[in-house]
Structures are given as C-alpha cells and as structure tokens.
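These numbers come from the heavy atoms of this one structure, side chains and all, not from hydrogens, waters or symmetry mates. In the text below, chain A, chain B and the rest are named by the order of the sequence lines, each starting its count at 1. Because the structure is predicted, anything quoted here is derived from the model rather than measured.
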Protein chains: 2
Amino acid sequence: MEWEDLAKELSQQTETKIILLVVDGVGGLPVEGRSELETARKPHLDALAKAAVCGVTDPVMMGITPGSGPAHLALFGYDPLRYDLGRGILEALGSGVEVGRDDLVARGNFATLHDGLITDRRAGRIPTEENERLCALLNEKLPRRDGVEVKVFPGKEHRFVARFTAEGLSDDLSDADPQKEGKSPVPTQPFDAGAAKAAAIVNRFVDDVVEVLKTTPKANTALLRGFSKFPSLPTFQDLFKLRPAAIANYPMYRGLAKLLGMEVVPAGGETGDLFAALEKSYSKFDFFYIHYKKTDSAGEDGNFQKKVAAIEELDAFVPRLRALRPDVLVVTSDHSTPSLLKGHSWHPNPFALVSPTAGTDDVDVFTERACAKGILGRFPALRAMPLMLAHALKLKKYGA
Amino acid sequence: MEWEDLAKELSQQTETKIILLVVDGVGGLPVEGRSELETARKPHLDALAKAAVCGVTDPVMMGITPGSGPAHLALFGYDPLRYDLGRGILEALGSGVEVGRDDLVARGNFATLHDGLITDRRAGRIPTEENERLCALLNEKLPRRDGVEVKVFPGKEHRFVARFTAEGLSDDLSDADPQKEGKSPVPTQPFDAGAAKAAAIVNRFVDDVVEVLKTTPKANTALLRGFSKFPSLPTFQDLFKLRPAAIANYPMYRGLAKLLGMEVVPAGGETGDLFAALEKSYSKFDFFYIHYKKTDSAGEDGNFQKKVAAIEELDAFVPRLRALRPDVLVVTSDHSTPSLLKGHSWHPNPFALVSPTAGTDDVDVFTERACAKGILGRFPALRAMPLMLAHALKLKKYGA
C-alpha cells in the first residue's frame, strides 16, 4: 500500500489545526564558519526549536536539487518523482488564470525580433502597463481559428501567460525559445506524434503575434516555454480530509496551493501581511500553509547578509504563530538556497515541529547543524505531511 | 522516476573532480572496548573527518551482509537488489579475460579426484607455472565440439577462469563443486529449462578435462562455480557523464570497475603505488575510484592487530589525496569486515566527505561511532553517488 492510499484510508476530519511555515531556501552553507541561520539573531525561532522536536529533510533524495514545484509537492505529501508539474501551469494558476482540463498553458515573454534574430529576449523589460496594453491588443486582434481559443494574460514587465483551448492538445512540446540572444526564433516541436496538433497551433499563434505587433518597436514577438496541461493531482480534501488555506505573496506558490485544493487567502505584500491574513482566517480552516520568500530571494542573489536580515525580519513574527496555539506548528523549508551557491541546493532542510503530542529534544537553536542532531533525524520531506497529521491526531490507526 | 533516470537527466559534465577512496572492510567491532578504527593511530584520517561532513551507510539494507559485488555496486549508484553480478564475471574481467555477450564464464579450481571422490579441492595448491602449463594443454587438447568454443585462462595457484562461447547459453546454473572434500563430484544443474544447453556443455567440458588430465598426478579434474554471463549494466558515462578511472591492486575490483565503464589505471602492488597512479592520471579523469584491500584481508583473517596496522599504513598516504585538492573527496568502505567476525558484516560503513560545498560537522575522528553522529546521518550507500555528484556540482536542478 502506498502512502496516498494510507492517507485516504486513515485520515479523519478533526477540530485540530496545523500551521506549516515554509521559510523558502532558509538552509545554507557556512561562510567563514557560520551559515546564514547560524549568523542571524533569531531568538524566537531558537525558542521555537527549543520547544520542538527537530530533524532535517531531504526534499527529493540525497544529492538532488529540487525546483520549487517538486520541493513543495514533497512537503505536502505528494511524491515529487511521481508528479511532474510544468512551470507554465504553476505560473498560470499563480497569476489567477483559470485553467481547465482542455487548456494548454505556457509562460511567455515579449521579445524583440530584428532582422530575423531575437535581439532581446525580454523586449527591454517593457513596463507592466505596456504589457497590459499589448495583451489587450492581442486578445482583440489575433485572428480567430476554428476550434481553437487563445488568450494571453499580462504578468510583470515582459512576462505573460498564454492559454490555448482546444480538444486533444498535448503539452509534450519543446520550448519555443532560442534561450540565447542573437539567435533565430525556434518553433516548438512535438516530442511525439500526439503533440503535432498542439505544436501547429502554438507556432501559428507566434506567427499571428508577429503580424499583429509588427509596428510595435520593442515587443514585436513572443517566446513560449514550459508548456503544460492541468495535471491530475488528488487534492488535500481527497487525501487528508483537510480544509486547507494558503497564504503567500508570490504567484507560483499560490498557484501550486490551488492545484492541491487549497483556498488562497488574500494577503498584502509585506511580511506582516502574511501573519495578519493567518490571524484573520484562523477560524475558517484547519491547515495553513504560509510561504515566506525573502530568504530564498536573498540566497539566489548570493547575498549572505540580506539572507541573514530576511531571517531576522521573519523571526519577529514567530510569536504571532505561537500565540495562536495551533495543535501542530512546523517551521521548515522546501529546499536550501545557500548564498554561497547562489541557487537552490540539495542540502537537507532544518525542520522543527511543536505540538503537545511531540515532546521535545535537546536542540535549542534553529540551524542546519543543530536540527541534524534532533530526535526526528534525517527523513524524506514526503514524510512531513504524515507526521503533521499524526501529531494533530488526524490519522487513525492502521490495522487492528 | 527512478534514481537512474534522474541521473541520466540531471548529470552534466564539468571540470570538477571526485576521489572515492574505498577502504575495504574498514568498519569493525570493538574488542576490549575499541574497534580497529578506534585503536589505530591515524592522524590524517582523523584530520580528514574533522574537515568533512560524516555519516554511516548501509550497503544494501540494515542487517544485510553484502559480498564485494553488491557492496560496490551500491556505492557506485547501482541498486544492488536490482543488479546481480556473478562472481565469475568479476573474476574473469579482473583477470583480463575478454568477455563477450555470447560468453558464459565461471571460476575454476584444479582439484584432485581419487577413487571417484574429490580429495583436494585445490589440487595441493599447485604452483602457478603448473597451472599455466595445464591451461595451455587443455586449450590444445580439449576436443572441439560443434558450435561451442571453450577456453581456460590460468590464475594464481589452482585457480582458473573458464569461458564457454556458444549461442543461447544461460548462467542459471548450480555450482559444479561439492564444496567439501571427500565427496563425489557434482555436475552443474540447470535452475530452469532454458539453461539445459549450458549445463550439458559445462558437464561435458568437465568430463573432457578429466580425460585430458587423467595422467596428471594432483590436478586431474576441475570444479566450476559462479557461472555468469556479461551483465547488462549502464555505464558511468551513460548515467553520470563521467570520465572515470579505477585504481586497484586486486583483479575483482578492476573487473567490476571495467563493467561500469571505468578505465583501469595500471598500478603496482604496493599501497604507495595506488597513490602514485592517482597522481599520474589525475589530469585525465574526473572520477577516481581507489581500492585499498589490506583492511578487508586482515579482517577476514580475524587479525585485529593486522587490520589496525593496515589502517595505519593507509593513513600516511591520506595527505597525498588532500594535496590534489579534489572538489569532492570521500573516504568510506564497501562493507564492514570486523576481525571479531572474520568476514564481511552488515554493520554500516563510516563515511566522510570533504568538499567546499559541504561545510563541516563536529565529528573529529574517523570511526564507526563518531561518524554515526555526523550531520549526514545514516543513509543507504546507494545515495553516496548522488551526494558526491551534487557536491561536485555535476547535477542540474530537478523540476522548476
């Protein structure tokens, strides 16, 4: 029996509440002997670790660096080696674009085509307002094709989402993006025969965009990548009988949460807004996913001090989590983002769980090295969800 | 998706270098309170552990004692429960015998047959020169059979390799060896109908050997065991895009390395020769497997002090590994060989990894008990390869 079958069989709805705070990319590596977590002054996170049982998690497998999609799936109890989410679908859902079962979506860039070459893959990072104007123009002027509906949705600067609606579209397509500047545009190619129809529709769309935008100075073509269809995923309700809420500033995480059946609670863009949204919606749900992005962004920038500051900024809000007295409170990350590596990494994530059913261990600071000595040991992130459910007494006994 | 598919998808060739030193059977058990590693004076291995992140590995599964084949496969990233290597194939390849896809190979012993009983399974350990003479004689005098080619290759003392070439040979055969002296010879038996042809050919070969050697005083028959065909294994190049080198004194380890696509770098028989070969070939490869056998041999002999001495002998060479400044340096073992047990065991292996992308933990001696408290925790040996590749930045991100 697989974990998902167990989850369906054993999960039960209860009044208990779980809060999962994902401090994106918080795990790091020592620079001059100390990691970002070992450098930051974070009395509240440390107090939490002291009240918690701790461990470290591998998102996918030892040694494997995950993208945000697989890393979050694992943390939510979905095997990241089984479910493969296209980036396009995450971007689309995160941007509030409705995606149906017959839809094919892709991430788009407006780009500059000059003398047959892509001279700027981001069209000089046109202002968002110009992007909105161009999308409206395309939605109005693009020629109608039989049995196909195409719509574009503006994002920030040069980014947009394209949605193709037709029967029998496959997402088994290569990116229609030369990846580098100074190269010719590349059409999408089907990876198998079943995707030929989708490829033809996508390539005709790009031709139509070039025609409609031929007098626009910079943004006169489109690059498309990450083609994806609505994935078939069981929801949190199906698997865990939860009423889950997601509180996140960034579109991709909201999109992912929606895919899993979470309700996205609106929140402002400041760190404090996440916690205000949590407090306001606390009575309505029994599972809360809160996503804090700044630690990951600073790590990606390779900015050690900025990541330290992001940890310290978050630390001040931790008491507001504990004040709610959830039955289970977990603070962890989806993956590590060491400033030293300027990107995601394979290093395991510190994990701290506070619950009346958990006891404590002797870890008293929230760091990579301290948590590695915690009573939970080293475990796959995929086991975080059963652990949280268990501590919330939401899983019945297996077998007699 | 399986690890091997991930490896193929994510691995990338880079300039970084990995050194894996396998200290065969180094893990042991306490005798009067201290294991061999806890007894040896080994300042350089301890300094390495101090600069490393440490852990312990299970070769196959907790409680399972592996042979050298499965233990090495796991360490090289090949699931030892999926790939089953016959000992014959390892011996053959290690001895420099060419093995093709239609070949069936076996390990042979010259033995003494007297009054219908095997009275000496090793024919009095005849000198190697006598073995060479007998093999030449057999290759000349054995009767030719239609559609079958048989050749024997001398090893040391009484040992040889037999190679049968014919279409449709299976290696699903029992050993043609009574295992004990004073018993009648036993013919090989096919484990299934598909191996009947191979069994007939092998048993006729043994009859032919007895006929050809009937006037030889001691070595007048042959025992055969470990029947094996060329296994179908992906190579290090296929899986990891590595240019791998193997440096080992013993045939079996060279044979295994060849099977996986490693180039065997010639080295003399002394411990120092391993390190000289490494230094000489260092610019030509990006993965180096170095095999040190003395620790295992002493453990198999049940000689605690000899194993301690083997550890101390190796210790002096550790600085030469570190002087090369590889991007990843791992010191570990394939399996444990406690002197107390006089054989391989199921105990986990100490594991130390030094890399600029790894940080350190607070383990400061290279012993079984100290490494078990390391930050890497306890993990399957099968995860050593992804971990080494990751620290060498040879694995791309999984998913978006």
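Interface summary for chain A: among B/L10, B/D5, B/T357, B/L395, the most heavy-atom pairs under 4.5 angstrom belong to B/T357. For the set A/S345, A/S35, A/A71, A/P80, the entry with the most heavy-atom pairs within less than 4.5 Å of chain B is A/P80. Most heavy-atom pairs under 4.5 Å with chain A, from the set B/K373, B/M1, B/R383: that is B/R383.
Using a 4.5 Å cut-off between heavy atoms, A/P30 touches chain B through its side chain atoms alone. Interface remark: A/M62 contributes backbone and side-chain atoms alike to the contact with chain B (heavy atom separation under 4.5 Å). Residue B/P380: no heavy atom, backbone or side chain, is found under 4.5 Å from chain A. Both the backbone and the side chain of A/R369 come within less than 4.5 Å of a heavy atom in chain B. When heavy atoms are compared at a cutoff of 4.5 Å, B/A358 approaches chain A solely by way of its backbone atoms N, CA, C and O. With a 4.5 Å cut-off on non-hydrogen atoms, A/H335 does not touch chain B at all. Looking at B/L393, the atoms closer than 4.5 Å to chain A (heavy atoms on both sides) all sit in the side chain, from C-beta outward. Residue contact with chain A, scored on non-hydrogen atoms closer than 4.5 Å, involves the side chain of B/D362 exclusively.
When side chains are defined from C-beta on, B/F379 does not count as touching A/R378, because their heavy atoms never get closer than 4.5 Å.
Across every non-hydrogen atom of A/W346 and B/A390, the tightest pair is CH2-O, 3.2 Å.
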